[in-house]
Participant: 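Just dropping this structure here.
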Amino acid sequence: MPQHIARNEKQLGAILRRARKQAGLTQSELGKNIHLRQGTVSRLEAGAPAVQLHTLMEALAALDLELVVRSRSKASAADIERAF
């Protein structure tokens, strides 16, 4: 999967949703893999506030993704939104 930039919860959720679909998993299947309800996976993909960091890290691991922290690029928020 190519690199994607997420500056907010909604953008991160879109990246997770895309990765889940590319892996051929339903929300229920991903949830079973990481012991979460389908509704929790849905909230994570929707960028809902108050999702626990542990939940995010479990979902990333199940989708064979990792979180990379780096200095912000100079791209505008609008440029990043257009990528989604």
Side-chain angles (χ1 to χ4, degrees):
M1 180 175 195
Q3 290 188 9
H4 297 280
I5 297 172
R7 289 192 176 163
N8 60 46
E9 298 89 346
K10 182 179 174 184
Q11 292 170 349
L12 182 56
I15 292 167
L16 293 173
R17 181 175 42 257
R18 189 176 306 123
R20 175 184 55 78
K21 288 181 177 183
Q22 286 178 348
L25 296 171
T26 65
Q27 288 180 342
S28 294
E29 291 167 335
L30 176 58
K32 285 179 186 175
N33 290 347
I34 55 178
H35 310 289
L36 295 175
R37 296 179 314 108
Q38 176 273 328
T40 303
V41 174
S42 177
R43 285 188 10 253
L44 181 63
E45 290 182 358
V51 171
Q52 292 187 6
L53 183 57
H54 177 76
T55 301
L56 171 61
M57 298 311 289
E58 289 290 322
L60 289 170
L63 294 169
D64 202 27
L65 299 173
E66 62 188 2
L67 183 64
V68 176
V69 178
R70 63 181 183 142
S71 297
R72 275 189 176 225
S73 65
K74 301 303 179 197
S76 72
D79 291 337
I80 293 170
E81 279 294 322
R82 280 193 285 276
F84 295 96

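Side-chain atoms are counted along with the backbone in the values below, which use heavy atoms only and exclude waters and symmetry mates.
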Participant: Mind checking side-chain contact (heavy atoms from CB on, under 4.5 Å) for Leu67 and listing every partner two or more places apart, or none if nothing turns up?
Facilitator: Met57, Leu60
Participant: Mind jotting down which residue pairs meet the side-chain hydrogen bond (donor to acceptor under 3.5 Å, both in side chains) criterion with at least one end in residues 42-51? Sequence neighbours excluded, please.
Facilitator: Arg20-Glu45, Gln27-Glu45
Participant: Return the minimal non-hydrogen interatomic distance between Ala23 and Leu63, and the atom names on each side.
Facilitator: CB-CD2, 4.5 Å
Participant: Where do Leu65 and Ala19 come nearest, in terms of heavy atoms and distance?
Facilitator: CD1-CB, 3.7 Å
Participant: Looking at Ile15 and Ala6, what are the two nearest heavy atoms and their distance?
Facilitator: CD1-CB, 3.8 Å
Participant: Of all the heavy-atom pairs spanning Glu29 and Gly24, show the shortest one and how long it is.
Facilitator: OE1-O, 3.7 Å
Participant: The test is side chain to side chain contact (heavy atoms under 4.5 Å, CB included); show your working for Asn33 and Leu25 and say whether it passes.
Facilitator: CA-CA 10 Å; Asn33 290 347; Leu25 296 171; 4.1 Å; yes
Participant: Stepwise, does the side chain to side chain contact (heavy atoms under 4.5 Å, CB included) test hold for Leu12 with Leu56?
Facilitator: CA-CA 10 Å; Leu12 182 56; Leu56 171 61; 3.8 Å; yes
Participant: Scan for side-chain hydrogen bond (donor to acceptor under 3.5 Å, both in side chains) pairs involving residues 49-62, sequence neighbours excluded, and state none if there are none.
Facilitator: none
Participant: Roughly how far, to the nearest 0.5 Å, is CD1 of Ile34 from CG of Leu44?
Facilitator: 7.5 Å
